[in-house]
*Asks:* 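I have a structure here, written as structure tokens, and I will follow up with some questions on it.
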Amino acid sequence: MNIAVIAETAPAKTLIPVIEKIDADVLSLTHSQMAWNLLKPYSLEISAIGESRRNGAVKRGNLAIGSLVVQDTYRTYNQLKNKFIDLVMTCGNAGDVRKGIAAAKKLNYPKLHIEQDIYNPIEMIAYADLITVPSSEYQKKLKKLYGIENTINIKGYPQAEYVSRQSLIDVDQLHKHYGTDDFYVLFLGGDTRREDIPEIIHQVELLGKEILIVPYRFKVDYISRFITKRGIYVIDGDVDLISLMNASEGVIFCSGMGVTIEVGALSVPSVKIKGFHTQHASNDLALSLGIKVVSPYDIGVAVDTMKAPSGRRLIKNGYRASEKVAELATNMSMFAGECGGFSSFRKIWNQRKKFK
């Protein structure tokens, strides 16, 4: 069996437990260096389909973004054609999904998509042959919101299995490396609005704790300009985020599903900041795990009362979910129904307009 996976970093962590359970040759495509590093050991072949886009002070215009998407979709198409692919697998709501499904649709390859945020999916999932969701509630909402019915409930998040099996860097080693054993991690992920960053940093400065900031898609110099007190450090370059969060006293994060699953599986005390998407499946998951979801102005109060979430069930369900997706991947014809098509595409597109 020949499988192609198209993924960024967090989706790669979701897909790895699945592809480990499938007897297949894997072609991996990504524009994320971190995803490249994660997927390479599992891939017969791996290729880049563009470059990672970091957020700075200036927002790209629609024409520039559209041009980049077209270029990367063409790269994806060229990487997939003439490869005799039996299945294309995607996950998440990043641009890689759009490019992957668009290219696979043009090539008439079967498409399986793992969806975790039913409030803000990528519009191209309307053309996936089969879509998995983590709960029956989300299965119903996909049908109600977008008219998508070709779904299977896998009852969990495969990424939780990935987190539970990681060899973590020794806590004492990390404490020694950063020169402190009492710090919080501030993660500014893809759900972070640029305009919220000054207030987020101001509020964490008021905590009076040492803070290690992981800027993710933001440039270090852009984040650094808002720091006014000592003890606040921005980590430049790639970092073993799971190990770093595990070694911390707590995590403050403005991100989506990936980090929410990670802090839940690690059972590390956490606070989630409301970000770009006020309604997001990661907020639902955080609340179900006992993680507070707050505005930037309420960070201090939330941190004072935050507790460690219980990740045992999240991990258990993650194992079962990855097994279910692997089963589906090898028996697509038994489950796939008619895709949502243009009608669903248009409904998702209109929903996404609310977040622009």
Side-chain angles (χ1 to χ4, degrees), residues 1-30 32 34-46 86-94 96-97 100 110-117 125 128 130-135 138 151-168 240-243 245-246 255-268 281-282 285 289 309-332 335:
M1 188 175 188
N2 297 312
I3 292 177
V5 297
I6 298 99
E8 290 192 345
T9 303
K13 296 175 183 177
T14 294
L15 290 165
I16 284 171
V18 175
I19 61 181
E20 285 179 326
K21 297 176 178 64
I22 302 173
D23 182 14
D25 291 332
V26 178
L27 165 65
S28 295
L29 305 177
T30 183
S32 162
M34 292 182 70
W36 177 292
N37 296 338
L38 289 167
L39 291 168
K40 195 174 190 306
Y42 305 93
S43 307
L44 182 67
E45 183 180 351
I46 185 166
D86 296 301
L87 178 66
V88 171
M89 295 179 64
T90 58
C91 174
N93 65 350
D96 289 55
V97 176
K111 301 165 288 294
L112 189 158
H113 175 73
I114 301 174
E115 184 54 60
Q116 298 178 141
D117 178 22
I125 71 166
L130 183 63
I131 300 170
T132 72
V133 291
S135 72
Y138 287 176
T151 59
I152 294 287
N153 175 19
I154 58 173
K155 303 180 181 179
Y157 302 91
Q159 187 180 343
E161 177 190 345
Y162 174 87
V163 176
S164 72
R165 294 194 284 106
Q166 293 310 292
S167 297
L168 301 177
D240 184 338
L241 180 63
I242 295 176
S243 292
M245 294 192 300
N246 182 65
S255 185
M257 190 61 71
V259 175
T260 308
I261 293 170
E262 290 175 353
V263 296
L266 290 170
S267 295
V268 61
S282 61
L285 177 60
L289 294 170
S310 176
R312 183 175 299 179
R313 176 171 291 183
L314 185 69
I315 292 170
K316 182 179 179 180
N317 290 342
Y319 274 85
R320 293 176 176 174
S322 66
E323 289 175 353
K324 183 62 177 179
V325 178
E327 176 190 350
L328 293 169
T330 54
N331 295 278
M332 280 281 289
F335 301 96

*Asks:* According to salt bridge (charged side-chain N to carboxylate O under 4.0 Å, His left out), who are the partners of K21, at least two apart in sequence or on a separate chain?
*Replies:* E161

*Asks:* Got a sec, which residues hit side chain to side chain donor-acceptor pair (under 3.5 Å) with T260, two or more places apart in sequence or on another chain?
*Replies:* none

*Asks:* Taking K155's backbone N and O only, do any of them form a donor-acceptor pair with S135's side chain (distance below 3.5 Å, no angle check)?
*Replies:* no

*Asks:* Do V263 and L289 pass the side chain to side chain contact (heavy atoms under 4.5 Å, CB included) test, and can you show the C-alpha distance, the side-chain angles, and the key distance before you say yes or no?
*Replies:* CA-CA 10 Å; V263 296; L289 294 170; over 6 Å; no

*Asks:* To check you understand the geometry: which heavy-atom pair defines the closest contact between L314 and G264, and what is its length?
*Replies:* CD2-C, 3.8 Å

*Asks:* When you measure from the side chain of D86 to the backbone N and O of N2, does any donor-acceptor pair fall under 3.5 Å?
*Replies:* yes

*Asks:* By side chain to side chain donor-acceptor pair (under 3.5 Å), which residues pair with N93, not counting sequence neighbours?
*Replies:* none

*Asks:* For residues 35-45, run the donor-acceptor check on the side chains, cut-off 3.5 Å, and write out each pair with its distance to 0.1 Å, sequence neighbours left out.
*Replies:*
from : atom 1 : to  : atom 2 : distance (Å)
N37  : OD1    : Q33 : NE2    : 3.0
N37  : ND2    : Q33 : O      : 3.4
Y42  : OH     : E20 : OE2    : 3.3
S43  : OG     : S28 : OG     : 2.6
S43  : OG     : L39 : O      : 2.7
E45  : OE2    : K83 : NZ     : 3.4

*Asks:* Calculate, to the nearest 0.5 Å, the distance between atoms CD1 and CG belonging to I154 and N317 respectively.
*Replies:* 10.0 Å

*Asks:* So does I131 get a backbone contact from the side chain of T151, meaning a donor-acceptor N/O pair under 3.5 Å?
*Replies:* no

*Asks:* Hey, could you give me the OH/OG1 distance between Y157 and T132, rounded to the nearest 0.5 Å?
*Replies:* 10.5 Å

*Asks:* For E115, give me all partners under salt bridge (charged side-chain N to carboxylate O under 4.0 Å, His left out), at least two apart in sequence or on another chain.
*Replies:* none

*Asks:* Please name all residues satisfying side chain to side chain contact (heavy atoms under 4.5 Å, CB included) with T14, sequence neighbours left out, ordered by chain then number.
*Replies:* C91, I114, Q116, P158, Q159

*Asks:* Can you sort out the partners of S310 under side chain to side chain contact (heavy atoms under 4.5 Å, CB included), two or more places apart, ordered by chain and number?
*Replies:* none

*Asks:* Walk me through whether L285 and M257 qualify under side chain to side chain contact (heavy atoms under 4.5 Å, CB included).
*Replies:* CA-CA 8 Å; L285 177 60; M257 190 61 71; 3.5 Å; yes

*Asks:* Over all heavy atoms of both residues, which pair between S267 and P309 is shortest? Give the atoms and the distance, please.
*Replies:* OG-O, 3.0 Å

*Asks:* CE of M89 to CE of M332: how many Å apart, nearest 0.5 Å?
*Replies:* 9.0 Å

*Asks:* List for me each residue that meets side chain to side chain donor-acceptor pair (under 3.5 Å) alongside S243, sequence neighbours excluded, and say none if there are none.
*Replies:* D240

*Asks:* I'd like to know if the side chain of D96 and the backbone of T30 have a donor-acceptor N/O pair within less than 3.5 Å.
*Replies:* no

*Asks:* Side chain to side chain donor-acceptor pair (under 3.5 Å) with N246: which residues, sequence neighbours excluded?
*Replies:* none

*Asks:* Can you confirm whether more than 12 heavy atoms, excluding those of R165, are under 6.0 Å from its CZ atom?
*Replies:* yes

*Asks:* Show your working on side chain to side chain contact (heavy atoms under 4.5 Å, CB included) between M245 and E262 and close with a plain yes or no.
*Replies:* CA-CA 9 Å; M245 294 192 300; E262 290 175 353; 3.5 Å; yes

